[in-house]
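Following: one structure in structure tokens, then a few remarks.
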Amino acid sequence: MQHRVIVLGAGYTGAIAAGRLAKRLHREDVAITLVNAEPDFVERVRMHQLAVGQDLKPRPFSEMFAGTGVELKLAKVTGVDVDRKTVAVIDGNGAEELEYDTLVYALGSGWNAQGVPGTAEYAHEIASRPGALRLRERLGRLEAGQTVTVVGGGLTGLEAAAEIAEARPDLDVALAVRGDLGDWLSPKGRGHLRKVFDKLGITVHEHADVIAVEADRVTTADGNAIPAAVTVWTTGFAVHPIAKATALEVTGTGQIVVDGTMRSVSHPDVYAVGDAAYAMGPEDKPLRMSCASGTPAAWQAADAIAARLTGGKLPNVPIRYVQQCISLGRREGVIQYVTADDRAVRAALTGQLAAVYKELICKGAAWGVANPTLGMPTRRRRVARERATAGSAVKTLA
Ligand SMILES: Cc1cc2nc3c(=O)[nH]c(=O)nc-3n(C[C@H](O)[C@H](O)[C@H](O)COP(=O)(O)OP(=O)(O)OC[C@H]3O[C@@H](n4cnc5c(N)ncnc54)[C@H](O)[C@@H]3O)c2cc1C
């Protein structure tokens, strides 16, 4: 019998973790199953591009994982029982239960409407592919001069407003932000952001706390109405709800609390990575939901699982921030360099070079997912019987 590793979610972090495990561990000893609802990889960091009509490269998992030893299971996860060590899934053939010895939970997140009245009825989201496609269809029906208001001044809101304004100069695009535009960036980054927004004709509403969305406007806490034939809601992500319904220790928002090896603090057979995980980063600050920290977290989890199974040394993958890469349409951008704990430093790269740099980062991230087992040693380690999780039968150490 093999040690059964199940990875839930094949977004950036789940796919990377599955590929890395396949590269590290011997196939005869370990069975790796990657469960995902969709048959192809969704480049979430490009959802604003999809929304304005750009087509993304298809990336079917069946091609990406061919020959890697990772078994794909195209099914929707409906529940996890961490005491019985089972995962409930459903696909075209019906419901099924999968048993695991080690679980990697990477179900990601979705948009966060934050309970603001009218969001569910009227707002659009770009945290998911269906959301981005709905917005794409809606934008396609807008006539010149109509208003699009993006709510949220974080990275996603900035990118969405700029992308829409660049792709549809005939529309009247606005951005509503709680503080000042790009107030966490360096003076150089902030100045450039404002310049690009002015050039793109984006109206910025600062100190605007949106408290209601209607069919043709959003209303702020101070009573202002901002016209919005289309509202795009980008005020952060809400973690996938399944973890909260388990016995795992989770935060109030449903993220799984993990230690430095991405292992659940309550259930040692469970690891969590990406948006689903609550992990401490540099300076004891929780990692933010991003590929920037999710990718090294996935490496860390895979390496820790491999080390624990094979009796190797526990890894210490550095999880630190280097930069925030912001695309502002296809021709402009800001690369804001940051401290290890994600605070802006003075240096920033701006302009077309920044746009090219961001494009390379996106391509690199997708390449890493699409080539899950490339670039690592091919010698796979055998599982040590005495180190394997209790209850799992494994081959002897070679
Ligand atoms: C528009 C946009 C721009 C962004 N730009 C950046 C950026 O520039 N830099 C950056 O670092 N981060 C960026 N992010 C954030 C980044 O995309 C996320 O942090 C990242 O995708 C998280 O990875 P993940 O693997 O945790 O989750 P995801 O990538 O969301 O993957 C989750 C996977 O789980 C699957 N899944 C979900 N539910 C189920 C289920 N019930 N059953 C089976 N499968 C399921 C999904 O289909 C998906 O494949 C951006 C996000 C958005 C929306």
Side-chain angles (χ1 to χ4, degrees), residues 6-18 34-52 56 59 61 72-80 87-91 98 104-112 125-132 135 150 152 154-164 232-243 245 255-256 262 272-277 279 287-298 301 321-328 333-336 338 342 357-359 361-362 364-366 369:
I6 296 186
V7 181
L8 302 184
Y12 288 95
T13 63
I16 285 172
L34 178 59
V35 185
N36 200 68
E38 304 284 335
D40 60 333
F41 175 63
V42 175
E43 278 186 272
R44 255 183 98 188
V45 303
R46 293 192 192 269
M47 288 301 105
H48 51 299
Q49 295 176 237
L50 187 68
V52 299
L56 306 182
R59 297 178 187 277
F61 289 123
L72 275 172
K73 175 88 186 161
L74 297 181
K76 186 173 179 209
V77 179
T78 55
V80 176
V87 176
V89 299
I90 187 159
D91 63 13
L98 311 174
V104 181
Y105 185 104
L107 290 181
S109 64
W111 70 309
N112 191 351
E125 55 102 355
I126 54 166
S128 70
R129 181 164 58 187
L135 176 59
V150 178
L155 300 173
T156 310
L158 299 181
E159 292 195 330
E163 200 75 47
I164 296 168
V232 184
W233 196 264
T234 68
T235 62
F237 302 133
V239 71
H240 198 288
I242 282 182
Q255 281 181 310
I256 298 170
M262 304 299 138
V273 288
D275 291 358
L287 296 176
R288 75 179 149 86
M289 291 180 179
S290 66
C291 295
S293 54
T295 301
Y321 296 94
V322 177
Q323 61 207 4
Q324 293 176 6
C325 302
I326 313 168
S327 66
L328 300 171
V334 171
I335 307 298
Q336 176 62 62
V338 297
D342 212 21
Y357 189 102
K358 170 76 196 246
E359 179 57 26
I361 292 282
C362 292
V369 173

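We count ligands from 1, going down the list as the structure has it; atoms in each ligand are counted the same way. What you are looking at is a predicted structure, and each value in this text was computed from that prediction instead of being measured.
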Residue, atom name and distance, where the atom is the protein heavy atom closest to [atom]:
atom                    : value
atom 30 (O) of ligand 1 : Arg44 NH1, 2.8 Å
atom 46 (C) of ligand 1 : Asn36 OD1, 3.7 Å
atom 37 (C) of ligand 1 : Leu107 O, 3.5 Å
atom 16 (C) of ligand 1 : Cys291 SG, 3.7 Å
atom 13 (C) of ligand 1 : Val45 CG1, 3.5 Å
atom 51 (C) of ligand 1 : Phe237 CZ, 3.5 Å
atom 19 (O) of ligand 1 : Asp275 OD1, 2.8 Å
atom 43 (C) of ligand 1 : Ala37 N, 3.3 Å

For the backbone of [Y] and the side chain of [X], can you confirm whether one donor and one acceptor N or O come within less than 3.5 Å of each other?
X      : Y      : result
Trp233 : Asn112 : yes
Lys76  : Ile90  : no
Arg59  : Val42  : no
Thr13  : Ala298 : no

Interfacing atoms of ligand 1 (cut-off 4.0 Å, heavy-atom, [X]):
X      : answer
Ala10  : 33 (C), 49 (O)
Gly274 : 26 (O)
Thr13  : 24 (P), 25 (O), 26 (O)
Met289 : 19 (O)
Ala292 : 11 (O)
Lys358 : 7 (C), 8 (O)
Ala106 : 32 (C), 33 (C), 34 (O)
Ala75  : 42 (N), 43 (C)

When rounded to the nearest 0.5 angstrom, what distance separates CZ in Arg44 from OG in Ser109?
3.5 Å
Pairwise side-chain contact, Glu159 with Val45, heavy-atom cut-off 4.5 Å (strictly under)
no
Measuring only between side-chain heavy atoms, which start at C-beta, is Val87 closer than 4.5 Å to Val35?
no
Using only heavy-atom distances, determine whether the side chains of Ser327 and Arg46 contain a donor-acceptor pair under 3.5 Å.
no
Taking all heavy atoms of [X] and all of [Y], pick out the closest pair and write down the distance.
X      : Y      : value
Ala160 : Val150 : CB-CG1, 4.4 Å
Gly110 : Ala127 : C-CB, 3.8 Å
Arg288 : Tyr321 : N-OH, 2.9 Å

Mind running side-chain contact (heavy atoms from CB on, under 4.5 Å) on Met289 and Val239 for me, showing each step along the way?
CA-CA 9 Å; Met289 291 180 179; Val239 71; 4.1 Å; yes
For Gln323, give me all partners under side chain to side chain donor-acceptor pair (under 3.5 Å), at least two apart in sequence or on another chain.
Tyr357
Would you please determine whether [X] falls within less than 4.0 Å of ligand 1 on a heavy-atom basis?
X      : answer
Phe41  : no
Thr156 : yes
Ala277 : no
Ile126 : yes

Side chain or backbone, does [X] bring an N or O within less than 3.5 Å of an N or O on ligand 1?
X      : value
His48  : no
Lys76  : no
Val273 : no
Arg46  : no

Ring pair (Phe, Tyr, Trp, His ring centres under 6.0 Å) partners for Phe41, two or more places apart:
Tyr12
